[in-house]
Amino acid sequence: MTHPAHADLILDWYDHNRRRLPWRAEAGQVPDPYHVWLSEVMLQQTTVQTVADYYRRFLTRWPRVQDLAQAPLDDVLTEWAGLGYYARARNLHKCAAMVVARHRGSFPADEAALRLLPGIGDYTAAAISAIAFDIPAAVMDGNIERVVSRLFAVEEPLPAAKPRLKALVADLTPQQRPGDYAQAMMDLGAMVCTPRRPACGLCPVSARCVARISDDPERFPLKSPKPDKPTRYGAVFWLTRKDGAVLLRRRAEKGLLGGMMEVPGTEWLDQRPPAPLGDAPVKAEWQRLEGGVRHTFTHFHLDLSIYRAAVGLGDPKLGTWVTPDRFGEVALPTLYRKVAKAVLGR
DNA sequence: TATCCGTGGAG
DNA sequence: TCTCCAAGGAT
């Protein structure tokens with residue numbers, strides 16, 4: 001009696017459960033490295049459902065990497081608005097330019113060369129190499145971490161366990177169809193070996209999963225405790241001129257929401273600013289709006305109060321004046337769309 | 001190694 | 001309402 005190899009079980013499962021995704025080549029088709037790269041960057045820490053529409057819009061507007069490389073950065077930031085982690089958009093644009101300038105518009109195939117490009121780290125380099133070029137790179141994302149930690153019941157908590165898990169992935173990765181294998185393992189983690197209530201009855205490798213056999217699979221992967229999030233406070237100033245346009249400004253190029261537009265406001269501090277109007281862009285009859293906006297970032301909560309006022313003619317030196325019906329045409333992140341919604345009632 | 005960097009959905 | 005977490009990268 002023979003035991004099918006792990007990779008064969010995974011690939012057979014994949015062949016019968018292949019998901020149709022906007023960026024995924026059909027079986028037997030050759031993937032486009034530009035499509036693979038664009039989707040992988042968008043999918044960093046972002047769900048498949050959220051990415052789908054953004055991916056289609058980007059590809060429609062910039063069909064080739066040369067098109068993206070030539071686009072103004074502000075156009076890219078505007079299309080990216082709402083996706084989050086805006087350094088990805090800045091690096092995406094920079095990377096496109098480097099691929100055109102240094103690689104004649106063709107993405108390199110090997111991990112080391114990919115790793116030199118901005119916005120491409122260990123995971124994305126391996127994923128592009130495997131998926132776009134079918135090179136047996138060890139691809140490990142959050143899904144695969146979970147699958148492998150359960151397969152071997154790894155007791156070491158994340159993130160310290162990453163090197164151990166990566167070595168296991170390297171051992172498991174087959175020489176044949178490594179790109180399909182990587183996508184299969186990610187699909188398995190997303191659809192079967194889920195964080196809560198994994199569907200072990202549907203898993204092609206449950207018979208050899210140590211966590212499934214000997215214990216509660218949901219216990220894995222173990223994780224180190226995360227620090228709790230502090231709350232910061234600030235105020236924003238919603239200034240309208242006679243035609244209804246609102247004052248917006250460009251944020252600093254780096255750091256939180258770097259390069260994006262904002263509604264002018266105070267600094268964000270550990271306590272509610274005692275005299276926020278001192279930071280208002282103009283002297284005016286500022287009225288505080290009932291309520292405000294609460295928004296949660298990766299590592300802190302933000303509690304914003306909103307002040308509003310009106311002027312006749314808006315001074316262009318103060319910033320950019322944009323009517324709310326044109327907010328879709330500027331790089332306004334979700335935080336400030338929430339502010340607009342709070343003021344306008346949608 | 002630890003911290004910073006968004007957002008939306010699920011439970 | 002709150003926590004977790006999703007195809008991570010840069011510093």
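Hydrogens, waters and symmetry mates are skipped; everything else that's a heavy atom, side chains included, is used. These numbers come from a predicted model, not from an experiment. Letters A, B, ... mirror the listed sequences (proteins, then strands); counts begin at 1.
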Visitor: Scan A/R24, A/R18, A/R20 and name whichever one has a salt bridge (Lys or Arg N to Asp or Glu O under 4.0 Å) with A/D187.
Guide: A/R24

Visitor: Quick one: are the ring centres of A/H35 and A/F107 less than 6.0 Å apart?
Guide: no

Visitor: Under 4.0 Å between any heavy atoms, over every strand shown, what does A/I144 touch: base, sugar-phosphate, or nothing? Just pick one.
Guide: nothing

Visitor: Tell me: CZ of A/F300 to P of B/dC4, nearest whole Å?
Guide: 10 Å

Visitor: For the NZ atom on A/K341, are there more than 12 heavy atoms of other groups (residues, nucleotides or ligands in this structure) within a distance under 6.0 Å?
Guide: no

Visitor: When the distance from OH of A/Y54 to P of B/dG6 is rounded to whole Å, what number comes out?
Guide: 13 Å

Visitor: For the residue pair A/H299 and A/F297, is the inter-centroid distance of their aromatic rings smaller than 6.0 Å?
Guide: no

Visitor: Report, as a single string ordered 5' to 3', how protein heavy atoms within less than 4.0 Å touch nucleotides 4-11 of chain C: B base, S sugar-phosphate only, - not at all.
Guide: -SBBBSS-

Visitor: Atom CG of A/D53 and atom C1' of B/dG8: how far apart are they, to the nearest Å?
Guide: 13 Å

Visitor: Heavy atoms only, 4.0 Å cut-off, all strands: where does A/G258 land among base, sugar-phosphate and nothing?
Guide: nothing

Visitor: Specify the separation, in whole Å, of atom NE2 of A/H301 and atom C1' of B/dT7.
Guide: 14 Å

Visitor: A cation-pi test, strictly: NZ or CZ of A/R57 under 6.0 Å from the centre of the six-membered ring of A/Y54 and no more than 45 degrees from its axis. Yes or no?
Guide: yes

Visitor: Heavy atoms under 4.0 Å, any strand shown: does A/P159 hit a base, just sugar-phosphate, or nothing?
Guide: nothing

Visitor: Would you please confirm or rule out a distance under 4.0 Å between OP1 or OP2 of B/dC5 and any side-chain N or O of A/H299?
Guide: yes

Visitor: For A/F58, give me all partners under ring-ring contact (aromatic ring centres under 6.0 Å, His included), at least two apart in sequence or on another chain.
Guide: A/W62, A/W80

